[in-house]
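Note sheet for the following structure.
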There are 2 protein chains.
Amino acid sequence: MPKLGSCNVFLRATFGIDPGAEIGRQLGELATQVQVMRGQEVQTDPADTTLVFLASGATKLGAQASRERHQIVAFHFGGDIFTVPAVSMHRYMLIGLCESTLTTFPARQFYDRAASNPWIMRALLERSQTALFRCRDKAVNLGQKSAGERVAGFLLAMWERLDASEGPSPMIDLPMSRGDIGESLGLKIETVSRQFTKLREAGIIDTHGRSGVSLLDLPRLAEQAGYYDRNTVPPRPEWVERKPELVP
Amino acid sequence: MPKLGSCNVFLRATFGIDPGAEIGRQLGELATQVQVMRGQEVQTDPADTTLVFLASGATKLGAQASRERHQIVAFHFGGDIFTVPAVSMHRYMLIGLCESTLTTFPARQFYDRAASNPWIMRALLERSQTALFRCRDKAVNLGQKSAGERVAGFLLAMWERLDASEGPSPMIDLPMSRGDIGESLGLKIETVSRQFTKLREAGIIDTHGRSGVSLLDLPRLAEQAGYYDRNTVPPRPEWVERKPELVP
DNA sequence: GGGCGACATTGATTTGGGTCAAAGACCCGG
DNA sequence: CCGGGTCTTTGACCCAAATCAATGTCGCCC
């Protein structure tokens with residue numbers, strides 16, 4: 001069964017499932033192996049949610065708001081598991097940032113067959129919550145933060161998710177263009193560029209070519225990102241008027 | 001066991017579980033019944049995700065970005081099931097929009113005990129995906145849409161989620177203030193107000209007091225919301241450069 | 001290694017939404 | 001039914017980011 005090559009990896013690595021087992025075989029039947037190059041779209045079912053395992057590479061998940069407006073709702077890297085929604089209010093597109101290998105499944109059928117296995121459902125639930133968590137964080141950034149804060153926060157997030165060279169000033173290699181960063185942060189490409197320049201002139205980062213970024217001063221970068229420090233900043237009074245009562 | 005009163009409803013209505021059964025009893029042990037009034041915060045565990053079943057009423061889930069900046073990441077209404085994240089980058093707060101009755105569970109423990117029941121896990125997974133879906137939609141709106149589009153889209157979303165009076169011009173009763181709407185849409189209260197005025201002057205809506213809104217012209221409201229129409233608007237060419245190849 | 005096309009940076013100008021300020025409307029309790 | 005506080009609306013002005021417009025540079029392919 002050569003088709004199941006990378007699906008094996010998926011089932012074993014993520015869920016600890018033996019692909020030779022009955023459940024492994026049943027899920028394997030639903031798998032589609034796909035390889036994309038930079039800029040290529042992964043074909044997903046417009047009528048149903050698609051479950052994706054990204055074996056290697058990096059992708060962007062974008063939504064089309066109108067002809068000229070795209071919002072990248074998530075970046076994904078090797079090992080990530082996520083879903084691509086069916087078409088609804090917005091059309092979603094999954095596109096490679098570099099050469100990537102992935103396995104796709106029709107979500108509903110996958111869930112039907114996997115329902116009996118608590119390990120798989122638990123893993124999927126936790127992945128889904130991680131995605132939701134990241135998305136809420138993005139909503140906070142898009143709704144409340146300035147351009148400078150968004151770019152600083154983006155660099156910190158990429159530092160956490162990408163492999164960074166160790167040391168006091170780690171260096172990361174961004175697989176996405178300035179345009180992609182802008183579409184992810186709700187900013188125009190020129191604004192992203194200007195914020196990079198500001199951070200460079202402040203000595204907080206340094207850039208190498210188009211994709212290399214050295215994070216020279218992480219504490220100051222975090223400061224620029226403007227994250228709420230619950231140790232120093234109390235909640236706004238009108239948000240906590242009175243304590244609720246437990247029902248006896 | 002009076003404490004389990006509304007928990008019964010939760011387990012039975014959502015998962016079809018008999019609370020008298022072993023699993024029902026085990027989950028019931030984890031439940032906390034809470035009642036909040038308008039403006040009160042629901043206390044959640046800062047150290048772990050909280051699973052919430054909103055029996056009746058309405059709530060807002062907000063994140064604190066800094067002292068003066070809040071972003072509402074979701075509104076919830078009776079019957080909704082959702083999670084409140086543990087404290088991380090941002091502090092999350094669940095607050096009543098009106099008198100509300102809800103049941104909370106420590107998420108990790110709930111999952112541990114429910115893992116063996118495929119129905120529950122499946123239901124939770126699907127609720128989680130719905131929340132993720134809504135959050136992505138919010139990210140698109142916050143990142144790419146104008147103030148007018150956001151407000152129109154908000155009214156449409158509330159029309160779908162709230163009970164609206166039937167007829168050609170349905171009327172909805174918003175449980176949240178203009179300030180809440182602004183914090184949800186990433187706009188200031190004055191901007192929200194101005195957009196309401198614009199829609200009223202255009203004859204698309206009418207307002208009654210602080211909370212009543214008549215949707216006089218739904219098609220035009222949908223037009224104002226600026227949703228991508230996949231029937232008329234093709235994808236941007238540079239987003240679909242080449243077709244990917246299936247791995248043989 | 002040189003040339004070309006795409007990507008990135010920089011500068012000048014515009015503008016949508018924010019900010020500041022004040023007046024008006026709703027709604028609750030007395 | 002009236003008073004007062006809160007929420008909402010409206011107006012004048014300002015600023016951060018978008019837009020428009022070059023110029024510069026990277027990196028890929030020949």
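Quick note on labels: first sequence line is chain A, next is B, and so on, each numbered from 1. Side-chain atoms are counted along with the backbone in the values below, which use heavy atoms only and exclude waters and symmetry mates.
Going from atom CZ of B:Phe196 over to atom C1' of D:dT9 covers 12 Å, rounded to whole Å. Across the protein-nucleic acid pair, A:Arg38 atom CZ and C:dG5 atom C1' stand 13 Å apart, rounded to whole Å. Per the geometry, NZ belonging to A:Lys198 stands 15 Å off P belonging to C:dT9, to the nearest Å. Rounded to whole angstrom, the span from the CG atom of B:Asp180 across to the P atom of D:dC7 amounts to 10 Å. Atom CG in B:Asp206 sits about 12 Å away from atom P in D:dT9, given to the nearest Å. Computed from coordinates, the B:Leu174 CG to D:dT8 P distance equals 10 Å when rounded to whole Å. Summarising the geometry, the separation between NZ on B:Lys188 and C1' on D:dC15 is reported as 14 Å, rounded to the nearest angstrom. In this structure, B:Met176 places its CE atom 16 Å from C1' of D:dT8, rounding to the nearest Å.
The residue A:Ser177 sits close only to the backbone: its heavy atoms come under 4.0 Å of sugar-phosphate atoms, none of a base. B:Arg178 comes within contact range of the sugar-phosphate backbone alone, with a heavy-atom separation under 4.0 Å but no base atom that close.
With 3.5 Å as the limit, one finds no donor-acceptor pair spanning the side chains of B:Thr50 and B:Thr44. Checking B:Lys145 against A:Ser66 by side-chain atom types alone, no donor-acceptor pair falls below 3.5 Å.
Environment of CG in B:Asp163: sparse, with no more than 12 heavy atoms of neighbouring residues, nucleotides or ligands closer than 6.0 Å.
For B:Arg150 against C:dG17, a side-chain-to-base donor-acceptor contact under 3.5 Å is absent. Residue-to-nucleotide contacts include no donor-acceptor pair under 3.5 Å from the side chain of B:Arg194 to the base of C:dG16.
In this structure the side chain of A:Leu97 reaches within 4.5 angstrom of the side chain of A:Asp180, judged on heavy atoms.
Between B:His76 and B:Phe82, the ring planes are parallel. Angles under 30° get that label, and only those over 60° would be called perpendicular.
Comparing A:Gly186 and A:His208 by the nucleotide of DNA chain D that holds the closest heavy atom to each, the one mapping nearer the 5' end is A:Gly186.
Phosphate contact (OP1/OP2 of D:dT10, side-chain N/O of B:Thr197, threshold under 4.0 Å): present. Note on B:Thr191: a side-chain N or O is less than 4.0 Å away from OP1 or OP2 of C:dG18.
The listed nucleotides are D:dT9, D:dT19, C:dG17; the one nearest the side chain of B:Ser193 is D:dT9. You'll find that the side chain of A:Glu190 is closest to D:dT19, out of D:dT9, D:dG27, D:dT19. If you check C:dC7, D:dT9, D:dT8 against the side chain of B:Arg210, the one that comes closest is D:dT8.
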